[in-house]
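Structure, as C-alpha cells:
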Amino acid sequence: DNNVTRGLLNRTSTEAVHTGILRNIAGINTITGQIDIRNIADNANNGFAYIGSDAGNLILNGQIIGSRNNATTTVTNNRFVYKTGAGTVQTTGTTANTITGGYYVLNGTLELNKTAGVNAIDANIIVGDGVGGPNADRLVLLQSDQIANTRTLTVYGSGQVAFADGVSDTTSGVITLFVDDQSGANLNYGTGSTLNNDITVVYMPGTTSATTGASITGTVTLPATRTFIVADGPSENDLTVSAVISGAGGITKGGAATT
C-alpha cells in the first residue's frame with residue numbers, strides 16, 4: 001500500500017510479520033544520522049514504520065522525522081512508529097525527534113536516551129499489546145524529560161514503564177494503566193525519580209479472571225499531591241503501590257477499587 005513501511009527493507013511481507021523496516025538481528029548496532037519516515041505517495045497522509053530488534057540493541061543516534069517523499073520533502077511528522085521484536089531499540093542524540101502521530105511498543109524494549117530535556121517522543125505513547133505476560137513490553141527512560149509535555153502515556157497489561165535512577169519526566173499528561181486477565185501494567189521508579197503525573201487504572205473490556213492488578217514499584221518522590229483514579233475489577237488489589245514514597249506530596253484516591 002502507499003503509506004505503510006513494513007517487513008525487512010521490502011514491501012512484500014504482510015503486516016503480521018512485523019520484523020521492522022529497520023531490523024536488528026543480534027548484537028549492539030548503531031545507525032547514526034537522520035531517519036526520515038517518508039510517505040510512498042506524494043501526500044501528507046499518515047505513514048507507519050515498524051522498527052525491530054530481534055535481540056541485542058539497535059541504537060538510533062540521530063533525529064527521527066517524517067516527510068513526504070523524494071520529490072516533495074515537506075516535513076509533516078504525522079507518522080507512527082511501532083517498536084517490535086524481543087530485543088531493544090534505543091533512540092539517542094542531541095536533537096529532538098519530531099514524529100507526532102504516535103509511538104507503540106508492541107514487544108521488547110524501547111529506550112529513551114536523548115540529552116536530558118530533549119524530546120525523544122513528541123506524541124502519545126502506547127506500551128504493550130496485552131500479549132506475553134508481565135513486563136513483556138517496556139519503555140525505559142534513561143535520561144530525564146524525554147517526553148513532550150501534555151502527551152499521554154497508556155500502558156497495557158503486558159507493559160512496563162521504567163525510570164533509571166535519578167530520572168524523571170515532567171510531562172503533565174495522565175498515565176493510564178490497564179489490567180487484563182494475564183497481567184497488570186507496571187510503573188517502576190529508580191532511586192531519586194519523581195512522580196509528576198496523575199494515574200488512572202482501568203480494566204480491559206471482557207476481563208473476568210484477573211488476579212493481579214496494576215502496580216507501582218521502586219523508589220519515588222511525590223513533590224505534590226497526585227490523584228489515582230482506580231477502577232474496580234476482579235483483582236483483589238486493583239492497584240498495588242509497593243514503591244518507597246517520600247516527599248511533601250500525597251495521594252488522593254478516587255474510584256471504587258481497592259488500592
Side-chain angles (χ1 to χ4, degrees), residues 57 59 83 88-94 96-97 103-105 108-128 134-179 183-202 212-230 237-254 259:
N57 194 342
I59 300 172
K83 159 63 180 73
T88 298
V89 171
Q90 180 184 120
T91 175
T92 188
T94 59
N97 297 332
Y103 283 77
Y104 298 80
V105 182
T109 300
L110 175 62
E111 294 180 341
L112 308 184
N113 196 27
K114 293 280 188 182
T115 302
V118 174
N119 288 335
I121 294 180
D122 187 6
N124 295 333
I125 311 160
I126 293 177
V127 181
N135 304 337
D137 319 308
R138 304 176 68 236
L139 178 71
V140 179
L141 283 76
L142 299 177
Q143 301 290 338
S144 292
D145 296 326
Q146 297 289 291
I147 303 170
N149 290 340
T150 74
R151 296 303 188 178
T152 61
L153 178 57
T154 301
V155 190
Y156 284 105
S158 61
Q160 179 193 58
V161 177
F163 296 80
D165 288 350
V167 169
S168 303
D169 203 281
T170 56
T171 176
S172 58
V174 172
I175 298 178
T176 302
L177 306 178
F178 274 87
V179 180
S183 53
N186 171 254
L187 295 178
N188 185 69
Y189 290 88
T191 301
S193 298
T194 300
L195 174 57
N196 297 305
N197 309 81
D198 293 333
I199 305 292
T200 298
V201 177
V202 295
T212 303
S215 61
I216 301 176
T217 55
T219 302
V220 66
T221 299
L222 290 178
T225 297
R226 304 299 173 201
T227 300
F228 292 2
I229 304 296
V230 185
N237 295 311
D238 303 285
L239 173 64
T240 299
V241 182
S242 61
V244 177
I245 298 176
S246 62
I251 296 173
T252 298
K253 190 263 181 187
T259 302

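We count residues from 1, following the sequence as given.
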request  = Would you mind reporting whether Ile229 and Val174 have side-chain heavy atoms less than 4.5 Å apart?
outcome  = no
key: Partner set under side-chain contact (heavy atoms from CB on, under 4.5 Å) for Ala214, not counting sequence neighbours   = Leu177, Val179, Val201, Leu239
key: Pairwise ring pair (Phe, Tyr, Trp, His ring centres under 6.0 Å) hits with a residue in residues 134-158, at least two apart   = Tyr156-Phe178
ask   = What pairs with Thr88 under side-chain contact (heavy atoms from CB on, under 4.5 Å), at least two apart in sequence or on another chain?
value = Asn57, Thr109, Glu111
Residue list, salt bridge (Lys or Arg N to Asp or Glu O under 4.0 Å) with Asp122, at least two apart or on another chain = Arg151
inquiry  = Rounded at 0.5 Å granularity, tell me how far OH in Tyr104 sits from OG1 in Thr154.
reply    = 9.0 Å
task = Check for a donor-acceptor pair, side chain of Lys114 on one end and backbone N or O of Thr92 on the other, with a separation under 3.5 Å.
result = yes
message = Restricting to non-hydrogen atoms, name the atom on Ser158 and the atom on Gly128 that form the minimum distance, rounded to 0.1 Å.
response = OG-CA, 3.6 Å
query = Tell me the salt bridge (charged side-chain N to carboxylate O under 4.0 Å, His left out) pairs involving residues 135-148, sequence neighbours left out?
reply = none
task = Go through the structure and list residues passing side chain to side chain donor-acceptor pair (under 3.5 Å) with Asn124, not counting sequence neighbours.
result = Thr152
message = For a quick test of reading the model, state the closest non-hydrogen atom pair linking Gln146 to Leu112 and the distance between them.
response = OE1-C, 3.4 Å
key: Rounded distance (nearest 0.5 Å) linking atom CG of Asp238 with atom OG1 of Thr212   = 11.0 Å
query = Just wondering, do Ser215 and Asn186 contact through their side chains at under 4.5 Å, heavy atoms?
reply = yes
key: Reference residue Arg226; test side chain to side chain contact (heavy atoms under 4.5 Å, CB included); the match among Asn196, Ile199, Ile175   = Asn196
inquiry  = Under the rule for side chain to side chain donor-acceptor pair (under 3.5 Å), what residues qualify as partners of Lys83, not counting sequence neighbours?
reply    = none
ask   = With no hydrogens and no angle check, is any side-chain donor or acceptor of Asp198 less than 3.5 Å from a backbone partner on Thr227?
value = yes
key: Over all atoms of both residues, closest heavy-atom pair of Val220 and Ala243   = CG1-CB, 4.2 Å
request  = Verify side chain to side chain contact (heavy atoms under 4.5 Å, CB included) between Thr94 and Val118, making sure each step is shown before the conclusion.
outcome  = CA-CA 7 Å; Thr94 59; Val118 174; 5.7 Å; no
ask   = Thr200: what forms a side chain to side chain donor-acceptor pair (under 3.5 Å) with it, not counting sequence neighbours?
value = none
inquiry  = Suppose we screen for ring pair (Phe, Tyr, Trp, His ring centres under 6.0 Å). Which residues come up paired with Tyr103, at least two apart in sequence or across chains?
reply    = none
request  = For Ser144, enumerate each residue passing the side chain to side chain donor-acceptor pair (under 3.5 Å) test, keeping only those at least two apart in sequence or located in another chain.
outcome  = none
Let me have the donor-acceptor pairs involving side chains of residues 187-195, under 3.5 Å, with sequence neighbours excluded, atom names and distances please.
unit_1	atom_1	unit_2	atom_2	d
Asn188	OD1	Thr217	OG1	2.7
Ser193	OG	Ala164	O	3.3
Ser193	OG	Val167	O	2.7
Ser193	OG	Gly190	N	3.4
Ser193	OG	Gly190	O	3.0

note = One should read off an interatomic distance between Ile125 CD1 and Leu110 CG, to the nearest 0.5 angstrom, of 8.5 Å
Point-to-point distance, once rounded to the nearest 0.5 Å, from CD1 of Ile147 to CG of Leu139 = 5.5 Å
key: salt bridge (charged side-chain N to carboxylate O under 4.0 Å, His left out) contacts touching residues 155-176 (sequence neighbours left out)   = none
